[in-house]
Amino acid sequence: QVQLVESGGGLVQAGGSLRLSCAASGRAFSDYTMGWFRQAPGREREFVAAINWSGSTTVYGDSMKGRFTMSRDNAKKTVYLQMNSLKPEDTAVYYCAAAYSGFVRYVSRVNEYDSWGQGTQVTVSS
């Protein structure tokens, strides 16, 4: 189990940028695959990005590619999501999640993750 706290959300105009952070507590942070998901009202929770234990491999949802970049700093026990060229469709609550790497099968599936942050609101105006 790892505890997660997101920060960095806010209000931004279309075309702007935001950088989200997720701070983890607990031991063995590098044992976890980390993910970002988002959920807008009336929609299913959507996969945004994931990163492996070392940060050498990242995976993105189709609509995020070329705009979002995920990274991690294991020494700081923190993961980041840099969001550029934001669109109104990106408006959602963004959640950080952790999955023990030895048990992960599909990083884009919500039910693979057993630890979740409280979420941070991102609102993109047009």
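Side-chain contact between Asp114 and Val2 is absent, with no heavy-atom pair separated by less than 4.5 Å. Contact of the Thr69 side chain with the Met83 side chain is not registered, since no non-hydrogen atoms from C-beta on lie closer than 4.5 Å.
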* Can you list the steps and then say if Arg43 with Arg38 is a side chain to side chain contact (heavy atoms under 4.5 Å, CB included)? -> CA-CA 9 Å; Arg43 287 182 167 268; Arg38 68 187 186 186; over 6 Å; no

* So Phe68 and Val48, side chain to side chain contact (heavy atoms under 4.5 Å, CB included) or not? Walk me through it. -> CA-CA 9 Å; Phe68 292 7; Val48 174; 3.7 Å; yes

* **Verdict with reasoning, Val79 to Trp36, per side chain to side chain contact (heavy atoms under 4.5 Å, CB included)** => CA-CA 9 Å; Val79 297; Trp36 286 99; 4.2 Å; yes

* Kindly determine whether Gln82 and Ser17 satisfy side chain to side chain contact (heavy atoms under 4.5 Å, CB included), including the steps that lead there. => CA-CA 8 Å; Gln82 178 66 46; Ser17 298; 4.0 Å; yes

* To do: Kindly determine whether Ser25 and Gln3 satisfy side-chain hydrogen bond (donor to acceptor under 3.5 Å, both in side chains), including the steps that lead there.
  => CA-CA 5 Å; Ser25 62; Gln3 293 74 49; 3.2 Å; yes

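Distance check: Gln13 CD to Ser126 OG gives 9.0 Å after rounding to the nearest 0.5 Å. The distance from atom CE of Met70 to atom OG1 of Thr57, rounded to the nearest 0.5 Å, is 12.0 Å. To the nearest 0.5 angstrom, Leu4 atom CG is 4.5 Å from Cys22 atom SG. To the nearest 0.5 Å, atoms CD (Glu89) and OG (Ser63) are separated by 8.5 Å. Note that CG of Asn84 is 14.0 Å distant from CE of Met64, once rounded to the nearest 0.5 Å.
Counting all heavy atoms, side chain and backbone alike, Met34 lies closest to Cys96 at CE-SG, 3.7 Å. Of all heavy-atom pairs spanning Gln39 and Ala92, the tightest one is O-CB, 3.5 Å. Among all heavy-atom pairs drawn from Leu81 and Ala49, the shortest one is CD1-CB, 4.4 Å. Ser30 and Asn74 make their closest contact through CB-ND2, 3.6 Å (heavy atoms, listed as atom of the first residue, atom of the second, distance). Smallest separation of non-hydrogen atoms from Leu18 and Leu86: N-CD1, 3.8 Å. For the residue pair Val59 and Phe47, the shortest heavy atom distance occurs at O-CZ, 3.7 Å.
For the pair Arg45 and Trp116, the cation-pi test (distance below 6.0 Å, angle within 45°) is passed. Relative to the ring axis of Tyr32, Arg72 does not place its NZ or CZ within 45° and under 6.0 Å from the centre.
The closest donor-acceptor contact from the side chain of Asp31 to the backbone of Tyr100 lies at 3.5 Å or more, if one exists at all. Panel note: side chain Lys77, backbone Ala28; no donor-acceptor pair is recorded below 3.5 Å. Panel note: side chain Thr120, backbone Glu6; no donor-acceptor pair is recorded below 3.5 Å. In terms of modelled atom types and a separation under 3.5 Å, the side chain of Thr78 and the main chain of Asp73 share no donor-acceptor contact.
When the side chains of ILVMFWY residues are joined at heavy-atom separations under 4.5 Å, either directly or via intervening members, Val110 and Val107 end up in a single hydrophobic cluster. Clustering ILVMFWY residues whenever any of their side-chain heavy atoms sit less than 4.5 angstrom apart, transitively, puts Tyr60 in the very cluster that holds Ile51.
With hydrogens and angles left out, the side-chain atoms of Thr123 and Thr91 include no donor and acceptor closer than 3.5 Å.
Ring pair Tyr113/Phe37 is perpendicular by interplanar angle, where above 60° counts as perpendicular and below 30° as parallel.
More than 12 heavy-atom neighbours from other residues, nucleotides or ligands sit within 6.0 angstrom of CD on Gln118.
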